[in-house]
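Down below is the structure, laid out as structure tokens.
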Number of protein chains: 2
Amino acid sequence: MSDMPSCQFESRPRRIVIGSGGVQADFCTNCSVRPTSVCSVIEPSDISRLAEVAVETIVSPGRGFIEEGAPATDFFNVTSGTVKLFKALPDGRRQITGFAAPGHFLGLAVSDSYAFGAEAIDTVRVCRFSREKMGELLDDFPKLERRLLEEASNELVAAQNQMLLLGRKTARERVASFLLDQMQAGLLPGQPPPSGGRLHLPMTRGDIADYLGLTIETVSRTLSWMRGQGMIEVGKGYAITIVSMAKLEVLAAGNG
Amino acid sequence: MSDMPSCQFESRPRRIVIGSGGVQADFCTNCSVRPTSVCSVIEPSDISRLAEVAVETIVSPGRGFIEEGAPATDFFNVTSGTVKLFKALPDGRRQITGFAAPGHFLGLAVSDSYAFGAEAIDTVRVCRFSREKMGELLDDFPKLERRLLEEASNELVAAQNQMLLLGRKTARERVASFLLDQMQAGLLPGQPPPSGGRLHLPMTRGDIADYLGLTIETVSRTLSWMRGQGMIEVGKGYAITIVSMAKLEVLAAGNG
DNA sequence: CGGGTTCTTGATTCCCATCAACAGTAGTGG
DNA sequence: CCACTACTGTTGATGGGAATCAAGAACCCG
């Protein structure tokens with residue numbers, strides 16, 4: 001967790017769609033996250049409208065692409081990789097408010113400036129929409145608005161769960177909840193089914209700590225303790241295997 | 001904080017609107033929170049549509065009217081009083097996720113069941129809409145949907161701030177942030193301007209503790225310490241006067 | 001194989017929770 | 001009006017869980 005580098009895009013726009021001729025009409029049609037993202041509500045016949053305003057951008061690991069407090073110019077849709085979203089205090093303390101996986105929509109905010117920062121964990125691809133053009137889309141496709149409301153509601157529920165975790169759970173309960181959430185998240189997006197209880201967490205211990213309101217050391221100790229209890233196995237790199245989901249669930253539900 | 005009583009409404013529907021004849025057309029028109037609530041986006045000419053589906057309900061202090069996990073049948077709009085929203089763990093630990101003041105819309109959730117509980121702090125009046133009828137309104141008034149998205153976005157920002165508070169701030173920083181937020185909230189809703197730094201907090205120390213992820217004792221001690229520092233004055237009942245906003249702001253920004 | 005980052009483990013500290021006692025405050029009924 | 005009770009808030013003493021400080025170990029990548 002070195003100081004965050006400049007928060008510019010490492011913007012390699014791979015595909016700036018040009019005319020309306022439908023040259024790139026398959027850009028969105030063939031997008032891997034379309035079925036699960038907000039874009040799914042746009043009819044195939046209108047998909048070119050979407051492709052016209054979307055710009056694909058690649059962000060390399062560790063690079064920030066949204067700076068907290070900066071003017072909110074764009075919306076984003078994650079198409080691959082994992083993003084961490086965070087807020088920070090002046091002295092450097094950092095709280096990760098969430099991880100955004102493929103399909104996740106970023107940038108919902110009424111304000112003119114971003115309320116949080118965003119940084120790529122691994123190599124991330126995002127679809128970028130200018131705020132202005134997004135507004136036009138919303139005017140033309142009411143379904144899109146409803147879908148965004150749905151998205152926001154789900155995030156709100158997640159945020160409330162996280163508040164309960166941060167305010168009232170012990171370190172063990174937090175880590176257990178986190179592992180179970182990650183397990184759950186791994187199931188959804190049509191990914192290769194995570195056979196057994198095998199998890200591949202893209203984020204570091206530091207990220208987990210900043211997400212759970214703990215320190216790196218406490219996260220590490222807690223994982224070691226869980227290993228000792230036969231709840232999990234800690235592999236090399238970022239691999240963790242859940243051995244006893246039941247034990248973790250007891251912990252996560254609130255038994256220190 | 002005794003055990004929560006049965007979460008039924010103490011439902012005294014004062015006004016069940018009957019026909020479409022506009023008998024009660026002024027019900028919503030004259031509503032005191034209409035200018036600041038989601039209802040403001042409905043044109044005066046369509047206001048009867050709103051009045052038809054709204055049922056006013058009074059909830060007495062300490063009474064719960066949304067039970068976490070119960071089937072989500074209704075939406076609510078707070079018209080007077082203050083509501084606490086919370087989530088709980090099986091063993092009773094409780095996290096208040098927010099306080100809802102007049103104008104606040106409650107019940108946003110995609111799920112079929114409420115993700116949080118709600119309880120009246122003082123005497124509360126709410127407008128109740130059935131989920132079903134709300135859906136019809138959304139279909140007919142796209143503006144309403146956009147307004148709800150706005151509302152949800154704002155709540156999301158507040159939730160992220162609260163996560164930072166709960167995960168990374170010290171007790172003193174939390175209480176300072178809370179007092180400043182309450183000050184801010186008191187300014188908005190066309191209320192009588194809170195002259196000087198005088199606050200009238202409707203919630204108990206226990207509620208504040210459950211909101212800030214602290215204990216009653218720590219909240220009390222911290223307020224006493226702030227009094228000793230000349231930051232605030234603690235009056236009888238629920239009155240607190242902010243003497244030095246500047247000192248509180250330094251604290252809230254992150255200097256333990 | 002180095003050099004740097006990340007992770008683990010141990011020793012110690014400290015902030016806040018817990019336990020406990022008491023003081024206000026409010027509501028009730030004699 | 002004044003006990004009487006119940007609740008809420010304040011303050012003190014003590015303890016514990018996680019942070020901090022510190023040192024290696026493991027891992028990654030060129």
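- Whole-Å rounding puts the Ile216(A) CD1 to dT20(D) C1' distance at 12 Å.
- When the C1' atom of dT8(C) is taken as reference, atom CD1 of Ile232(A) falls 13 Å away, rounded to whole Å.
- Mapping Glu217(A) and Val219(B) onto DNA chain C by nearest heavy atom places Glu217(A) at the nucleotide closer to the 5' end.
- Rounded to whole angstrom, the span from the CZ atom of Arg93(B) across to the P atom of dG17(D) amounts to 12 Å.
- Taking all atoms of both residues into account, the shortest heavy-atom contact from Arg93(B) to Arg168(A) is NH1-O, 2.9 Å.
- A straight line from CD of Glu233(B) to C1' of dT10(D) spans 18 Å, rounded to a whole angstrom.
- Per the geometry, CG belonging to Leu212(A) stands 10 Å off P belonging to dA19(D), to the nearest Å.
- Heavy atoms of Gly235(A) sit nowhere under 4.0 angstrom from any nucleic acid atom.
- You'll find that the side chain of Thr204(B) is closest to dG9(D), out of dG9(D), dT9(C), dA18(D).
- Residue Arg221(B) places no side-chain N or O under 4.0 Å from the OP1 or OP2 atom of dC16(C).
- Among the protein residues, Leu214(B) comes within range of the sugar-phosphate backbone only, with heavy atoms under 4.0 Å from sugar or phosphate atoms but none that close to a base.
- Straight-line distance from the CZ atom of Arg205(A) to the C1' atom of dA26(D): 12 Å, rounded to whole Å.
- Using cut-offs of 30° and 60° for the angle between ring planes, the Phe65(A) and Phe76(A) rings count as perpendicular.
- The 5' end of DNA chain D is approached more closely, in terms of each residue's nearest nucleotide, by Met203(B) than by the other of Gly213(A) and Met203(B).
- Regarding Trp225(B), its CH2 atom lies at a distance of 11 Å from the P atom of dC16(C), rounded to whole Å.
- Atom-to-atom, CG of Asp210(A) to P of dA19(D) comes out at 11 Å; the value is rounded to the nearest Å.
- Nearest-nucleotide positions on DNA chain D for Lys169(A) and Tyr238(A) put Lys169(A) closer to the 5' end.
- The listed nucleotides are dT20(D), dC7(C), dT10(D); the one nearest the side chain of Thr215(A) is dT20(D).
- Residues Leu166(A) and Gly213(A) approach most closely at CD2-N, 3.7 Å, considering heavy atoms.
- Under the 3.5 Å distance criterion, with hydrogens and angles disregarded, a donor-acceptor pair is assigned to the side chains of Ser80(B) and Arg125(B).
- In the set dT25(C), dA19(D), dA17(C), dA19(D) carries the atom at the smallest distance from any side-chain atom of Thr218(A).
- Shortest non-hydrogen contact noted between Val126(A) and Val78(A) is CG1-CA, 4.1 Å.
- Considering only side-chain N and O atoms, Arg227(A) lies under 4.0 angstrom from the phosphate OP1 or OP2 of dT9(C).
- For Lys236(B), no side-chain nitrogen or oxygen approaches OP1 or OP2 of dG24(C) to under 4.0 Å.
- An OP1 or OP2 oxygen of dT6(C) is reached within less than 4.0 angstrom by no side-chain nitrogen or oxygen of Ser220(A).
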